[in-house]
Colleague: 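Got a structure here, written out as structure tokens. Questions coming.
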Amino acid sequence: MQFSSQQDIHAPITAAFAVLSDFGAIEAAAKGWKVEAKRLDKLTEVGVGMSWDIAFKMRGKRREVIVDLVEFSRPDTLGFAGVSSAFGVSVT
């Protein structure tokens with residue numbers, strides 16, 4: 001199954017990219033959504049190779065997915081690939 005979506009926003013691309021690539025803020029916000037996000041890599045700079053073990057509840061079951069940052073091209077492209085025991089996901 002494949003889904004596709006696109007959303008236009010009214011912000012400069014550099015500002016939007018800065019928000020979407022602030023992974024520290026995203027990890028902190030995830031805690032408020034009852035999502036566990038644990039960094040798996042040891043990188044000191046943002047870039048390809050970053051990886052997270054993400055756990056959350058969906059439809060009453062605990063789900064886990066490993067998500068990797070596979071594309072990082074400032075200021076226009078972020079690419080993620082994820083895999084779990086039940087599904088795979090690719091987000092660009």
Side-chain angles (χ1 to χ4, degrees):
M1 183 180 333
Q2 185 174 3
F3 297 98
S4 178
S5 179
Q6 182 173 328
Q7 178 69 44
D8 291 329
I9 61 172
H10 300 287
I13 192 167
T14 54
F17 192 89
V19 170
L20 294 172
S21 62
D22 185 352
F23 299 116
I26 294 169
E27 290 169 13
K31 292 177 185 177
W33 303 322
K34 297 183 181 178
V35 173
E36 299 169 31
K38 178 184 172 192
R39 280 283 294 276
L40 300 176
D41 65 89
K42 302 291 185 204
L43 298 176
T44 58
E45 294 187 26
V46 173
V48 171
M50 295 177 78
S51 185
W52 297 265
D53 182 354
I54 299 174
F56 55 94
K57 274 198 171 183
M58 185 173 81
R59 296 188 177 174
K61 292 185 180 179
R62 181 178 169 88
R63 314 291 179 164
E64 287 194 43
V65 60
I66 303 296
V67 177
D68 301 311
L69 181 60
V70 296
E71 189 173 1
F72 184 85
S73 179
R74 194 178 306 270
D76 57 16
T77 307
L78 288 169
F80 299 90
V83 64
S84 79
S85 61
F87 61 88
V89 63
S90 175
V91 176
T92 303

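Residue numbers count from 1 along this sequence.
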Colleague: With a cut-off of 3.5 Å and sequence neighbours excluded, list every side-chain donor-acceptor pair involving residues 10-26.
Modeller:
from: Ser21; atom 1: OG; to: Phe17; atom 2: O; distance (Å): 2.7
from: Asp22; atom 1: OD1; to: Ala25; atom 2: N; distance (Å): 3.3

Colleague: How would you list, by chain and number, every residue that makes a side chain to side chain contact (heavy atoms under 4.5 Å, CB included) with Ser84, sequence neighbours excluded?
Modeller: Val65, Ala86, Phe87
Colleague: Could you note down all residue pairs passing side chain to side chain donor-acceptor pair (under 3.5 Å) where residues 25-40 supplies at least one of them, sequence neighbours left out?
Modeller: Glu27-Trp52, Glu36-Arg62, Arg39-Asp41
Colleague: Once side-chain hydrogen bond (donor to acceptor under 3.5 Å, both in side chains) is applied, do any residues pair with Asp68, and if so which ones, sequence neighbours excluded?
Modeller: Ser51
Colleague: Taking side-chain hydrogen bond (donor to acceptor under 3.5 Å, both in side chains) as the definition, give me every residue that meets it alongside Glu71, ordered by chain and number, with sequence neighbours left out.
Modeller: none
Colleague: Can you tell me how far CD1 of Ile9 sits from CD of Gln7, rounded to the nearest 0.5 angstrom?
Modeller: 8.5 Å
Colleague: Quick check on the hydrophobic clustering: are Val70 and Val67 connected, directly or via other members, by side-chain heavy-atom contacts under 4.5 Å?
Modeller: no
Colleague: Please report the closest heavy-atom contact between Leu43 and Gly49, naming both atoms and the distance.
Modeller: CD1-C, 3.6 Å
Colleague: Once side-chain hydrogen bond (donor to acceptor under 3.5 Å, both in side chains) is applied, do any residues pair with Asp53, and if so which ones, sequence neighbours excluded?
Modeller: none
Colleague: Kindly determine whether Val48 and Met50 satisfy side chain to side chain contact (heavy atoms under 4.5 Å, CB included), including the steps that lead there.
Modeller: CA-CA 6 Å; Val48 171; Met50 295 177 78; over 6 Å; no
Colleague: So, using side chain to side chain contact (heavy atoms under 4.5 Å, CB included) as the criterion, who are the partners of Thr92 when residues are at least two apart?
Modeller: Thr77
